[in-house]
Amino acid sequence: CGVLYFPYLGQVPFFDKGEPREALAVQDIVQRGEWLFPLKRATAIPSKPPLFHWSAALTYQVTGRLDEATIRFPSALYATLGVLLIYVLGRKLFGAPAGLLSGGVLATTLIYQTQALSARVDMTLCFFVTASLVLFYALYRGFLTNQLWYFVFYALVGIGTLAKGPLGILLPGLVIASFLALRRRWDLVAKFCFHPGVLVTLVLAVGWYGLAAMRGGEGFVDRQILRENLERFAGGSGHSHPVYFYLPYLFSQGLPWCLFLPMALWDGFKRGFFVDDDRLFTMLWFLVMFLFFSIALGKRPVYLLPMYPALALFTAKWFYDQAGAVGGKLAIYRSIAAFAAVSGVLLLVVTLGALWSHDPAWFFAPIERFLKPKDRANLLVVKNAIAGFGVAFTAAACLSGVLWLATAHSLWLARARSAAHRLVPISILMAFIGWSMILPAIAESKSYRGFMEEVNRRVPPGDKLYLFRGFNSDPVIFYRG
């Protein structure tokens with residue numbers, strides 16, 4: 001995680017509407033000292049509770065800086081802690097090697113990487129949901145026996161509601177209730193429902209919402225309770241999609257590990273998930289959340305994030321259960337091997353072309369004429385950025401190509417575990433190319449950061465700026481400071 005996340009926190013300026021929106025709430029805490037009920041621009045009620053904003057403001061208190069790295073730091077920290085939790089649970093359930101791989105799978109999953117480097121509330125919610133479920137299962141299995149851990153569990157659930165509202169209770173609650181019902185552990189249902197720790201959850205969750213409702217009045221209730229929760233679930237609130245909407249995103253956001261997900265799920269259903277508690281719990285963690293988000297009318301791809309820790313555990317265990325393949329499974333292995341081989345060959349061709357032409361971005365030239373003018377402009381930005389990195393890009397592409405070919409060889413021989421161990425460094429290298437070369441170049445061309453640096457240089461802080469409507473001015477206000 002230290003290689004995957006933290007070096008890139010400040011590489012990409014804010015250029016979309018999501019990150020500056022959260023950054024303004026953090027800025028309000030820093031500038032006005034309004035910790036209980038931070039606002040955007042000191043007037044607008046944010047769409048989410050303040051746990052993420054509090055975390056970023058605390059980071060500011062330590063560093064004394066308020067910039068992209070400061071505001072994204074909580075996401076990277078929570079992502080790292082989530083990976084460690086999955087490693088610890090995987091080690092307890094399946095052994096140290098499988099536990100280490102489960103942490104590696106989660107850390108390098110595409111959606112988990114992107115949200116670890118995003119100034120959004122989703123990774124904060126994911127961590128507290130993950131921590132709640134991991135702690136519940138540790139209590140269920142008897143890994144933790146001290147009664148104080150029950151109060152820690154209820155505290156985590158309560159704090160989770162301050163990340164993204166009732167989902168902090170609802171997601172772990174649905175998974176736990178489904179697991180205990182299928183195991184017919186009605187004694188534990190009663191124990192968890194009537195434990196004194198429930199009061200801790202209520203104080204943390206209802207306490208803040210009550211204070212915020214008194215402070216924000218009808219506007220707060222309408223914005224954060226009705227529109228962001230009830231309307232989003234039952235009416236879509238601008239994000240309505242059909243029930244099958246998440247199927248392609250389940251795989252695309254899970255790259256590169258989604259290549260093996262169909263086989264892992266098939267083997268799991270054939271073997272049966274009721275054979276032991278560990279398989280049942282991890283599968284319910286995934287299935288219950290996937291069904292819940294699919295039923296809800298309001299859908300966005302990032303909502304699936306909290307179920308990927310379960311998929312990491314499940315996938316890592318599947319890799320360590322594999323011992324060769326024949327027939328149809330071998331054919332699937334070899335089809336994935338073909339994809340890996342093609343990827344490796346292309347990257348090596350890119351490397352050889354760069355060494356021959358002394359231009360690391362030479363491979364863009366053949367495809368440039370097939371693009372639309374807008375895409376061609378973006379391509380030119382990326383091309384110039386890659387050319388500026390020179391040897392670093394060429395070396396990363398070469399090493400990635402070699403690793404892809406090694407992965408293809410392992411898969412051709414049906415050595416799934418060996419292939420998994422190679423996919424982790426491939427993901428790290430691809431993250432290096434994406435987050436240090438490609439994304440910064442694209443973002444810089446779309447961000448207001450450079451423009452506002454010039455504005456701040458020419459216009460003193462006390463002077464007024466007038467903004468005309470027709471564009472999202474959140475990043476302009478943030479960079480104004």
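In this chain, numbering begins with 1 at the start of the sequence shown.
Formation of a donor-acceptor pair under 3.5 Å by the Trp54 side chain with backbone atoms of Trp35 is found in this model. Under a 3.5 Å cut-off, the side chain of Ser75 and the backbone N or O of Leu117 do not form any donor-acceptor pair. A donor-acceptor contact shorter than 3.5 Å is absent between the side chain of Ser400 and the backbone of Ala397. One N or O on the side chain of Lys299 and one on the backbone of His241 form a donor-acceptor pair closer than 3.5 Å. Formation of a donor-acceptor pair under 3.5 Å by the Glu22 side chain with backbone atoms of Ala119 is not found in this model. A distance-only check finds a donor-acceptor pair linking the side chain of Ser335 to the backbone of Ile332 [under 3.5 Å]. For the pair Tyr60 (side chain) and Gln27 (backbone), a donor-acceptor distance under 3.5 Å is absent. Judged purely by atom type and a 3.5 angstrom limit, Arg458 has no side-chain atom pairing as donor or acceptor with the backbone of Glu454. In this structure, the side chain of Trp404 does not engage the main chain of Leu423 through any donor-acceptor pair within 3.5 Å.
With salt bridges taken as basic N to acidic carboxylate O contacts below 4.0 Å, one links Arg72 and Glu19. With salt bridges taken as basic N to acidic carboxylate O contacts below 4.0 Å, none links Lys17 and Asp474.
Between the side chains of Tyr78 and Ser55, at least one donor N or O sits under 3.5 Å from an acceptor N or O.
Around the CZ atom of Phe451, the shell of radius 6.0 Å holds no more than 12 heavy atoms that belong to other residues, nucleotides or ligands. When the shell of 6.0 Å around CZ of Phe6 is examined, it contains more than 12 heavy atoms from other residues, nucleotides or ligands. For Arg334, the CZ atom counts as densely surrounded, since its 6.0 Å shell holds more than 12 non-hydrogen atoms of other residues, nucleotides or ligands.
Side chains of Leu51 and Val121 form no contact here, defined as non-hydrogen atoms less than 4.5 Å apart. Arg417 is not listed as a side-chain neighbour of Gln322, based on a closest heavy-atom distance of 4.5 Å or more. Contact check for Leu304 versus Gln253: side-chain heavy atoms found under the 4.5 Å cut-off. The shortest distance between side-chain heavy atoms of His409 and Arg415 falls below 4.5 Å. Contact check for Met263 versus Ile336: side-chain heavy atoms found under the 4.5 Å cut-off.
Ring geometry, Tyr8 versus Trp435: the interplanar angle falls under 30°, so the pair is classed parallel (tilted spans 30 to 60°). By the 30° and 60° cut-offs, the orientation of the rings of Phe260 relative to Trp318 is tilted. Below 30°, between 30° and 60°, or above 60°: for Trp257 and Phe319 the angle between ring planes is above 60°, a perpendicular geometry. Between Tyr249 and Phe245, the two ring planes are tilted [angle within 30° to 60°].
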